[in-house]
Student: 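Structure in structure tokens, see below.
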Amino acid sequence: MILQGLTFYVFAAIAVGAGVMVVSARNPVHSVLFLILAFFTSAGLFVLIGVEFLAMVLVVVYVGAVAVLFLFVVMMLDINFVELREGFLQYMPIGALLGIILLVELLLVLGTASVEPEAMPIGTEPIPALSERHNTAALGDVLYTKYIYLFQAAGMILLIAMVGAIVLTHRRRPNVRKQVIAKQLARRRDEAVELKKVQPGQGV
Amino acid sequence: MAEFWSVYLLPGIIILAQILAIVVPLLVAVAMLTYAERKVMGAMHLRMGPNVVGPFGLLQPFADGAKLFFKETVFPTRANKVVFVVAPMLTFLLSLVAWAVIPFDDGMVVADINVGILYLFAISSLGVYGIVMAGWASNSKYPFLGALRSAAQMVSYEVSIGFVMITVLLCVGSLNVSDVVRAQAEGVWFFIPLFPMFIIFFVSTLAETNRHPFDLPEAEAEIVAGYQVEYSSMTFALFFLGEYANMILMSGLTTILFLGGWLPPLDIAPFNWIPGPLWFFAKMLALLFVFIWVRATLPRYRYDQLMRLGWKVFLPFSLFWVALTAGVLVAFDLVPQT
């Protein structure tokens, strides 16, 4: 047990530290890198409480895909770091307000057990013990049976968001030369290469 | 005290020994792979390859390593030093940690976790960070271009690799790496029923490890050497080791997913006398040879061709094949029970 406790505190400390650095780092690229560290240590904490599937999905989706795109965008931005600092005091009240709202929401979730004692057992009931059923199978059991419509709806919303983003940003530019792959593949040797018999001293 | 010994210290020492037993041979294998690559390519080019240092030039990789070790580490002006140094370390580290879940024989694995395949997928998707960080921290244009290319390329091919893995997992019914091989012991190796996926997976691993013909992040003719331009000495060596360790890892993964891991081709007398790990290594060596063969044979892809292959050919086809496999499994009542 000591080892688990120790691991928890190490991971938790790194996660919190990385979280603080995300908002306080001067360089936005460093912020994103700390964000990745925070994601990764959270995945470690997930493993520690036995939700291995979610831990791996967190790494694959957030660290492997989402954060890469973040990093991609932030790296390409031409940011003036000094300018970025200027509006800090101006935006602080809004930021503090959002922070307080989030904190209250978190407290509400954590305090549900005492406010409404019946909510707690419902929340924990459908999870079978790790020795009986693997995480992955247990998730699949409910996700594709009980919550199939919600799952499909979530997928649809993501698809629409993706199509929307493409529609908004895609514009057809005239006069752009495109690679026509079929045309390139259809090229044969005899239409592209011509063998000429060159006489010495005369040239072509 | 006795409890401390039996609960923490002894398992700790065993795990440490297991890790060393994998990492040390792996590093030697990486060294020998660079030698093998130069020798095989030499034979394909009708050259000798390295033949001066040691018998048949066998000590050449170690001489190269020693040379790199004694060189000076150069930091470009206004490079982001910390990120610049962390990037090669990360690449190297990620190529090592993935080996924790690779089974060399039935039960011969450091961490037999239930989500092994997902773990491997997660680790391979992290590989892009080393390159992106290197490209950005170098504060130089060619490394940056190489990093951008690499990020786009690896994210694109990750998608088709994911679908290929899902197809295999549909036939296995478990995310445990050892279970994937055990499922092939009962039936045929998966490269027979899923042959197109085997090809797609192999080509995607070429792209994922930035190997020829998809080595556009390095493309020396266009962007010098991509993200490696500013690196020298051990920082460069770590990138190099990481890249080759990744190649070995990807061949191992292909072996496990499609070529029956440690299983002999036929479970009859002369074949099953040979121990499982040797079969595993033999299959990996065959795949590594194809990696090198491809490098010696094919020209580099154009970048738009690379993207077209990933998004317009592999992605729809593997998506179709996932649906087909699921359909066949359900129609013939072959879905593995968990």
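In what follows, every chain begins at residue 1, and chains take the letters A, B, ... in the order their sequences are listed.
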Student: Counting only non-hydrogen atoms closer than 4.5 Å, does B:Leu148 touch chain A with its backbone (N, CA, C, O), its side chain (CB onward), both, or neither?
Tutor: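 Both the backbone and the side chain of B:Leu148 come within 4.5 Å of chain A.
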Student: Is A:Leu58 close to chain B through its backbone or its side chain, or both, or neither, when contacts mean heavy atoms under 4.5 Å?
Tutor: neither
Student: Kindly write out the residues that satisfy side-chain hydrogen bond (donor to acceptor under 3.5 Å, both in side chains) with B:Asn139, not counting sequence neighbours, or none if the list is empty.
Tutor: none
Student: Please test B:Leu175 against A:Phe53 for side chain to side chain contact (heavy atoms under 4.5 Å, CB included), starting from the C-alpha separation and ending with a verdict.
Tutor: CA-CA 10 Å; B:Leu175 285 167; A:Phe53 183 78; 4.2 Å; yes
Student: Looking only at non-hydrogen atoms, find the nearest pair between B:Ser125 and A:Gly64 and report the distance.
Tutor: OG-CA, 3.7 Å
Student: Can you list the residues of residues 80-98 of chain B that sit under 4.5 Å from chain A, counting heavy atoms only?
Tutor: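 Residues B:Asn80, B:Val83 are the ones that qualify, each having a heavy atom under 4.5 Å from chain A.
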Student: Quick one: pull up CG in B:Leu120 and CE in A:Met56 and give me the separation to the nearest 0.5 Å.
Tutor: 9.5 Å
Student: Side chain, backbone, both or neither: which part of B:Val155 has an atom under 4.5 Å from a heavy atom of chain A?
Tutor: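 Side chain only.
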Student: Test: ring pair (Phe, Tyr, Trp, His ring centres under 6.0 Å). Region: residues 109-128 of chain B. Which pairs qualify, not counting sequence neighbours?
Tutor: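 Counting only pairs at least two positions apart or across chains, no ring pair (Phe, Tyr, Trp, His ring centres under 6.0 Å) contact touches residues 109-128 of chain B.
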Student: Check whether any side-chain heavy atom of B:Leu126 sits under 4.5 Å from a side-chain heavy atom of A:Phe40, and report yes or no.
Tutor: yes
Student: To the nearest 0.5 Å, tell me how far B:Ile113 CD1 sits from A:Glu52 CD.
Tutor: 7.0 Å
Student: Of the backbone (N, CA, C, O) and the side chain (C-beta and beyond), which part of B:Met133 lies under 4.5 Å from a heavy atom of chain A, both, or neither?
Tutor: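 When you check distances to chain A, only side chain atoms of B:Met133 fall under 4.5 Å.
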Student: Within a reach of under 6.0 Å around CZ of A:Phe70, are more than 12 heavy atoms found that belong to other residues, nucleotides or ligands?
Tutor: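 Not more than 12 within 6.0 Å, no.
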Student: Give a yes or no on this: more than 12 heavy atoms of other residues, nucleotides or ligands lie within 6.0 Å of atom OH of B:Tyr142.
Tutor: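 It does not: B:Tyr142 OH has 12 such atoms or fewer within range.
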Student: Can you confirm whether more than 12 heavy atoms, excluding those of B:Phe144, are under 6.0 Å from its CZ atom?
Tutor: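 Yes, CZ of B:Phe144 has more than 12 neighbouring heavy atoms, counting only those of other groups under 6.0 Å.
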Student: Between CZ of B:Arg302 and CD of A:Gln184, what distance do you get to the nearest 0.5 Å?
Tutor: 4.5 Å
Student: So which heavy atom on A:Ala67 is nearest to which on B:Tyr129, and how close?
Tutor: CB-OH, 3.1 Å
Student: Please list all pairs meeting side chain to side chain donor-acceptor pair (under 3.5 Å) that have one or both residues in residues 309-320 of chain B, counting only residues at least two apart or in different chains.
Tutor: B:Ser156-B:Trp311
Student: Which bit of A:Leu33 comes within less than 4.5 Å of chain B, counting heavy atoms only: side chain, backbone, both or neither?
Tutor: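 Looking at A:Leu33, just its side chain touches chain B.
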